[in-house]
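Quick notes on the structure that follows.
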Amino acid sequence: MCTTGKGKAALPKRSTITEKSEQADEQRGAKPNGQPSAPGDPDAITGLTPREREVLLLLSRAASNRDIGRTLGIAERTVKAHLTNIMTKISVSSRTEAALFAFAHHCSIHRGEPRPTD
């Protein structure tokens, strides 16, 4: 951090902060409007079965495998199988990415169609 002649810390210029923030956004794949892009392939939504869409919607609400199973009346092991299939279809590598995908594309998953791109 820089200091002024009076021994006080000088704050970096606003433009420097903005530039660094924009560079960080670019590195993590943020959209130009500042919103981070969701992981996965939205076009794959149409390839999900109705049950997979139900599981994904519950995942977007942070439901555990046990909770998803109870809600849908299926075994926890079946929920895990659905999540494995879903993650493969939408091209994500973790449950967290699948949950972010589901949250970002909630309406499209509900309808069973991909979200229009901006």
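Because only heavy atoms are used, hydrogens play no part in the values below, and waters and symmetry mates are left out as well, while side chains stay in. Just so you know, residue 1 is the first one in the sequence shown, and it goes up from there.
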Can you tell me how far apart [atom1] ([X]) and [atom2] ([Y]) are? Round to the nearest 0.5 Å.
X	Y	atom1	atom2	value
Phe101	Ser94	CZ	OG	13.0 Å
Lys80	Ile68	NZ	CD1	11.5 Å
Leu58	Leu83	CG	CG	10.0 Å
Leu48	Ile90	CG	CD1	7.0 Å

Inset, instruction - Could you tell me whether a side-chain N or O of Glu97 sits under 3.5 Å from a main-chain N or O of Ser93, the two making a donor and an acceptor? - result: yes
Legend entry - Donor-acceptor contact present, side-chain Arg66 to main-chain Glu76, <3.5 Å: no
Legend entry - Test salt bridge (charged side-chain N to carboxylate O under 4.0 Å, His left out) applied to Arg51 - qualifying residues, sequence neighbours left out: Glu54
With heavy-atom distances below 4.5 Å as the criterion, would you say the side chains of [X] and [Y] are in contact?
X	Y	result
Ile45	Ile109	yes
Lys89	Thr49	yes
Val92	Leu100	no
Leu59	His82	no
Leu56	His105	no

Legend entry - Any donor-acceptor N or O pair under 3.5 Å, side chains Ser64, Asp67: yes
Inset, instruction - Check the pair Asn65, Arg95 against side chain to side chain donor-acceptor pair (under 3.5 Å), reporting the backbone distance first and the verdict last. - result: CA-CA 11 Å; Asn65 289 354; Arg95 179 186 178 93; 2.5 Å; yes
Legend entry - Considering all heavy atoms, the nearest Phe103-Ser60 contact: N-CB, 3.8 Å
Inset, instruction - State which residues pass side-chain hydrogen bond (donor to acceptor under 3.5 Å, both in side chains) with Thr96; sequence neighbours excluded, sorted by chain then number. - result: none
